[in-house]
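Only one structure is covered here, and it is reproduced in the block below.
When reading the values below, keep in mind they use all heavy atoms of this one structure, side chains included, and skip hydrogens, waters and symmetry mates. In what follows, chains carry the letters A, B, and so on, assigned in the order in which the sequence lines appear, proteins first and then strands, with residues in each chain numbered from 1. Here the structure is a predicted model, which means the values were calculated and not measured.
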Amino acid sequence: MSEKINLKELQRKAWRSIFQDGLWDIFLGLLLLNIAVYTLVNEYVGNDDLKLALFIGGEIFAFLFLWVGKRFITVPRMGKAKFGQFGKVRRSKAKLLSFASVLVGLIVFLILEGFSENGQIAGIPRVYIVAVGWTFTAMLVFGLAGYFLDFNRLYLIGAMYALSFPLDIIVRDLWQTERWAFLAYGIPALIVLAVGAYFLLNFLQKYPTVQGEA
Amino acid sequence: MTTPPASPLDEVDRLIHEPARLKLIALLYMLESADFTFLMNQTGMTWGNLSSHMTKLEEAGYLEVEKTFKGRRPNTMLKLTEQGRQAFQEYRRQMTQFFDEVPD
């Protein structure tokens, strides 16, 4: 027997196969794209209820895409496995630490809001501080989730989310208009979507539908 | 004529020792359970091959096979029994002992 069996590596390979289909990338890309669409719609639609409805519709579409894609396209091809305690611990750590990071980010934001006067905090424009907070929180949340879920592409996705808000400020300052602000979210979203689509296409080629089994 | 001393390899479970079955049982040892399609993809075995190994392991009491239907299509879930887990642990112990005894 020339092949060395490494039990931990077998388990890790099986675990990582969950993210091979690119659907999580596409889902997160769609959420970011929805912000881009909202920013664009904000320029042309005056009705706040309609804007909110469109935003919620976009979020629902992203969730449906993930659910339908997993349920009917990728899980029937890849198969299903339960990882027991190993999977539970990884998921719990990722959820708990990501939630804690968002909470800390929110608390820091609210504290800074208390010191906000005329759109400035300690002489610095409030929007810059919010942008730093957004970038830091996005990097932390996606970084921790990527690490604990052993899902490396989350680092890239985190970087795209982190980049979007500062890019928004740069675009607005550069062109002195809000018309092109959607690009700040749209371009990172398209990068994430392209990565997801690449992985999905590879997955579909690699794993054809299995006859017989569901 | 004297009987040669028993080596750990003589006592090894041959049902587990076969490479394809070893890969299958090692994978199931690290998981709670998995379906047929998942195991096919992870082990690289064909349908018939996996089915044949599954039957042997099930007959030995190492594997619990649960057949259900998802809509009109069958779904086969596989899980290592307690007996299967113990057999694999014993196999690991024997193989480790054997290799530990091999001089560098």
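Atom NZ of K70(B) sits about 6.5 Å away from atom CZ of R71(A), to the nearest 0.5 Å. Between M78(A) atom CE and Q42(B) atom CD the span is 6.5 Å, to the nearest 0.5 Å. Separating the NZ atom in K82(A) from the CD atom in E32(B) is a distance of 6.0 Å, to the nearest 0.5 Å.
The nearest pair of heavy atoms linking A81(A) to L31(B) is CB-CD1, 4.3 Å. Contact detail for G79(A) and D35(B): the closest heavy-atom pair is CA-OD1, 3.3 Å.
Applying a 4.5 Å heavy-atom cutoff, the residues of residues 14-37 of chain A that approach chain B are A14(A), S17(A).
In K79(B), the NZ atom is not crowded: 12 or fewer heavy atoms of neighbouring residues, nucleotides or ligands sit closer than 6.0 Å. Enclosure of atom CZ in F136(A) is not indicated, since only 12 or fewer non-hydrogen atoms of other residues, nucleotides or ligands lie within 6.0 angstrom.
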Atom pairs and distances, side-chain donor-acceptor, residues 91-108 of chain A, under 3.5 Å, sequence neighbours left out:
unit_1, atom_1, unit_2, atom_2, d
S92(A), OG, K88(A), O, 2.7
S98(A), OG, A94(A), O, 2.7
S101(A), OG, L97(A), O, 2.7

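Listed by chain and residue number, Y38(A) satisfy the ring-ring contact (aromatic ring centres under 6.0 Å, His included) test with F55(A) (two or more places apart in sequence, or in another chain). Among residues two or more places apart in sequence or in another chain, the ring-ring contact (aromatic ring centres under 6.0 Å, His included) test is passed with F142(A) by Y161(A).
F88(B) has its side chain within reach of L7(A): a pair of non-hydrogen atoms, C-beta onward, lies under 4.5 Å apart.
The residue among K80(A), K206(A), K13(A), R77(A) with the most heavy atom pairs within less than 4.5 Å of chain B is K80(A).
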